[in-house]
Protein chains: 2
Amino acid sequence: MTRRVTIADVAKKAGLSKGAVSYALNGQPGVSESTRQRVLRLALEMGWHPNSAAKALSGARAGAFGLVLARPASTLGIEPFFMKLISGMESAMASSQTALLLQVVPDHAAEIAVYRRWWAERRVDGVFLIDLCKDDPRVPVLEELRLPAMVVGGPGHHGALPGVWIDDASAMVMVMEYLAALRHRRIARVGGVPGMLHTELRTEAFDSVADRLGLEWSTTISTDYSPEQGAQVTRRLLSSGSPPTAIVYDNDVMAVAGVSVAHEMGVRVPSDVSIMAWDDSVLCEITHPPLTAVSRDISAYGVQVAARLLALLNGEVVTEVEETPPRLVVRGSTARPVD
Amino acid sequence: MTRRVTIADVAKKAGLSKGAVSYALNGQPGVSESTRQRVLRLALEMGWHPNSAAKALSGARAGAFGLVLARPASTLGIEPFFMKLISGMESAMASSQTALLLQVVPDHAAEIAVYRRWWAERRVDGVFLIDLCKDDPRVPVLEELRLPAMVVGGPGHHGALPGVWIDDASAMVMVMEYLAALRHRRIARVGGVPGMLHTELRTEAFDSVADRLGLEWSTTISTDYSPEQGAQVTRRLLSSGSPPTAIVYDNDVMAVAGVSVAHEMGVRVPSDVSIMAWDDSVLCEITHPPLTAVSRDISAYGVQVAARLLALLNGEVVTEVEETPPRLVVRGSTARPVD
DNA sequence: GCCCCAAAGTGAACCGGTTCAGCGCGCGCT
DNA sequence: AGCGCGCGCTGAACCGGTTCACTTTGGGGC
């Protein structure tokens with residue numbers, strides 16, 4: 001059992017002091033270029049790696065960011081959103097040797113407790129705040145803790161915390177104008193969890209555009225994002241006296257469930273009802289017909305968010321920023337309604 | 001900006017030495033019961049939390065387990081398997097204040113590099129090895145590194161590493177006997193990635209049971225688990241001269257894609273073709289008809305795996321163990337074939 | 001030739017825990 | 001009364017880095 005190689009081992013072999021080796025390895029001034037090269041080569045040869053605990057203890061970074069997911073595991077599993085976001089984050093964090101600490105909790109209270117513990121234990125250097133709500137209770141806690149955080153979502157409602165957001169409102173305008181151009185006059189929306197900021201923003205946009213376009217009828221029904229509720233709501237909508245000619249879903253899973261319900265009821269897609277998903281993933285391509293969807297580059301979103309949290313820790317001034325807006329990917333599930 | 005409260009602060013307030021306080025807080029002998037209670041109360045009052053770096057540095061645990069996912073993010077996102085497994089793991093780890101470090105990488109080589117780095121940096125106390133392959137190259141590396149690991153999968157092919165496995169072979173027997181009892185004589189299987197142990201085990205079981213049952217025809221076609229390939233293979237199978245009357249898919253996503261293709265081709269489920277999914281999730285319930293599936297308690301699997309890795313670190317002797325076998329959940333996608 | 005300064009490197013303190021050797025003291029035993 | 005033992009606690013070393021105050025060395029300017 002060979003012992004770990006420490007900075008002292010490298011120093012001894014190089015005939016230098018620990019301090020000099022530390023300077024050399026970290027690109028700090030205080031050693032000559034030739035010495036630095038020699039030390040770097042030696043460290044590589046000897047298979048030296050910094051002990052993350054020692055590094056963290058001596059005032060530097062913990063070398064980790066935290067992400068807490070406060071949704072039931074059943075919902076989490078099926079939404080491609082999170083994994084895409086996570087893999088984006090990690091590709092941005094890799095360059096700075098930062099790891100991702102993940103925790104799944106049942107609710108916001110537990111989430112807040114995790115933040116307190118992580119920060120008290122100096123286990124993370126910062127966290128990502130996800131699923132932002134209106135008047136989110138987590139925001140003041142993070143501010144009070146002075147725990148560096150980057151909010152995934154917005155705009156607004158994250159106090160003094162920096163955030164990155166995607167413009168859902170204008171995407172909703174795009175969606176509605178597209179449907180209106182197809183001559184849809186009766187549009188329903190199967191929305192996500194009320195209280196979540198992006199849900200609210202979409203609802204507001206939906207209502208105001210519907211009004212502006214002078215639609216015959218429009219409504220939003222709230223769900224918990226689960227396919228079960230998506231199916232249930234769709235069933236209700238399609239069996240009403242005068243059903244909508246188009247339905248906009250707040251995620252892809254519910255849209256897929258919606259198509260299924262339509263099949264089951266003998267309602268044809270898209271001739272009887274047009275269906276539209278929010279967030280594009282392979283799920284949208286496996287249904288028949290494939291789903292028209294609002295497509296956002298979630299992975300790039302993750303990259304952006306992580307890069308900005310790193311910048312924040314480097315002392316740069318980081319403010320709210322808007323990601324590139326979503327695109328509309330038209331597939332077979334939307335068409336002009338037959339009269 | 002109030003400084004962190006350290007063990008020295010607690011010691012001063014209690015009028016004790018750092019050592020005594022450490023003993024008191026960790027349930028070690030060396031202090032009287034009354035002193036211990038006093039210290040515990042005081043620590044709570046002062047809001048003391050152990051600095052995880054200091055703890056890790058002084059020989060104790062890093063307080064984290066690592067999980068590396070070496071699948072493309074696109075596949076990961078959609079398979080509920082991983083999130084269920086993760087949330088199970090975490091519920092078992094919570095009691096011992098152990099965090100989960102997550103990393104998504106493109107391939108096994110990168111995965112191995114992560115293990116090496118994590119262990120060299122003493123960032124984790126152990127790792128979970130997932131998606132076990134035949135003659136898995138990661139196994140000898142983990143053994144050589146002496147990095148505590150728990151293999152999710154088996155039986156066999158994980159050398160001296162302990163593992164937890166679910167009996168896929170006997171589940172396959174159950175599936176095939178069920179289909180045979182329904183009078184299916186032509187059964188196709190849309191398999192996962194060849195080389196992965198569970199894929200191979202299922203293939204072997206599939207072949208041997210098909211043989212034993214004296215089926216008229218049976219075949220396995222390999223895929224990469226993606227819905228695209230699932231759809232493509234299904235299309236090919238259903239358009240052949242004498243199509244199968246039943247198709248068994250190696251995951252739920254492909255089965256859902258399969259149902260979609262059947263709809264698209266005007267093939268009725270289950271009267272023209274029976275469809276069966278492996279791993280049960282909400283996905284199986286949103287199709288029409290809902291899918292008959294092999295159901296495994298993935299979350300419990302995660303709990304078991306994490307609990308055993310903890311036990312391993314506590315010096316307990318941990319050997320290979322088998323989880324409770326999968327159940328067959330019969331829904332609407334399987335029936336007796338019409339002649 | 002002398003002075004001064006910057007570059008290169010040293011040695012020790014420090015981060016916040018754990019752990020081990022040692023010490024004083026009260027108590028039981030004979 | 002004297003001895004020994006073990007409980008309860010102390011003080012210091014240690015983990016492996018970072019950082020700071022300080023020393024040595026070499027070179028340029030005059």
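Note on naming: letters A, B, ... go to the chains in the order of the sequence lines (proteins, then strands), and numbering restarts at 1 for each one.
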Residues touching DNA chain C, which here means a heavy atom under 4.0 Å, drawn from residues 32-41 of chain B: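 Per residue number, the list is empty: none.
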Where along residues 11-18 of chain B does a heavy atom fall under 4.0 Å from DNA chain C?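 Under 4.0 Å from DNA chain C: Lys18(B).
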Give the table of side-chain donor-acceptor pairs shorter than 3.5 Å for residues 20-29 of chain B, with sequence neighbours excluded, one pair per line with atom names and distance.
| from | atom 1 | to | atom 2 | distance (Å) |
| --- | --- | --- | --- | --- |
| Ser22(B) | OG | Asn26(B) | ND2 | 3.4 |
| Asn26(B) | ND2 | Ser22(B) | O | 2.9 |

Could you list the residues that satisfy side-chain contact (heavy atoms from CB on, under 4.5 Å) with Arg41(A), not counting sequence neighbours? Arg38(A), Glu45(A)
What are the atom names and distances for every N/O pair under 3.5 Å that joins the protein to nucleotides 20-26 of chain D?
| from | atom 1 | to | atom 2 | distance (Å) |
| --- | --- | --- | --- | --- |
| dC20(D) | N4 | Tyr23(A) | OH | 2.5 |

Go nucleotide by nucleotide along DNA chain D from the 5' end; which of Gln28(A) and Leu57(B) gets its closest nucleotide reached first? Leu57(B)
Nucleotide dC9(D), atom P - distance to CG of Leu25(B) in whole Å: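 Between P of dC9(D) and CG of Leu25(B): 13 Å.
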Looking at dG16(D), I'd like to know if its phosphate oxygens (OP1 or OP2) sit under 4.0 Å from a side-chain N or O belonging to Trp48(A).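 False: Trp48(A) side-chain N/O out of range (4.0 Å or more) of dG16(D) OP1/OP2.
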Given dT18(C), is OP1 or OP2 found less than 4.0 Å from the side-chain N or O atoms of Asn26(B)?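 For Asn26(B), the contact criterion (side-chain N or O under 4.0 Å from OP1 or OP2 of dT18(C)) is met.
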Tell me every residue that passes side chain to side chain donor-acceptor pair (under 3.5 Å) with [X], counting only those two or more places apart in sequence or in another chain.
X         : value
Ser299(B) : none
Arg138(A) : Glu111(A), Asp136(A)
Gln103(A) : none
His198(A) : Tyr225(A)

Out of dT18(D), dG16(C), dT19(C), which nucleotide sits closest to the side chain of Ala54(B)?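 Minimum distance to the Ala54(B) side chain belongs to dG16(C).
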Donor-acceptor contacts, no H, no angles, side chain residues 306-317 of chain B, under 3.5 Å, sequence neighbours left out:
| from | atom 1 | to | atom 2 | distance (Å) |
| --- | --- | --- | --- | --- |
| Arg308(B) | NH2 | Thr319(B) | O | 2.9 |
| Asn314(B) | OD1 | Arg61(B) | NH2 | 2.8 |
| Asn314(B) | ND2 | Leu310(B) | O | 3.4 |

Would you give me the side-chain donor-acceptor pairs under 3.5 Å for residues 147-156 of chain A, sequence neighbours excluded?
none

Which part of the nucleic acid, if any, lies within reach of Thr6(B) when heavy atoms closer than 4.0 Å are counted: base, sugar-phosphate only, or nothing?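 Sugar-phosphate contact only.
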Mind jotting down which residue pairs meet the ring-ring contact (aromatic ring centres under 6.0 Å, His included) criterion with at least one end in residues 128-166 of chain A? Sequence neighbours excluded, please. Phe65(A)-Phe128(A)
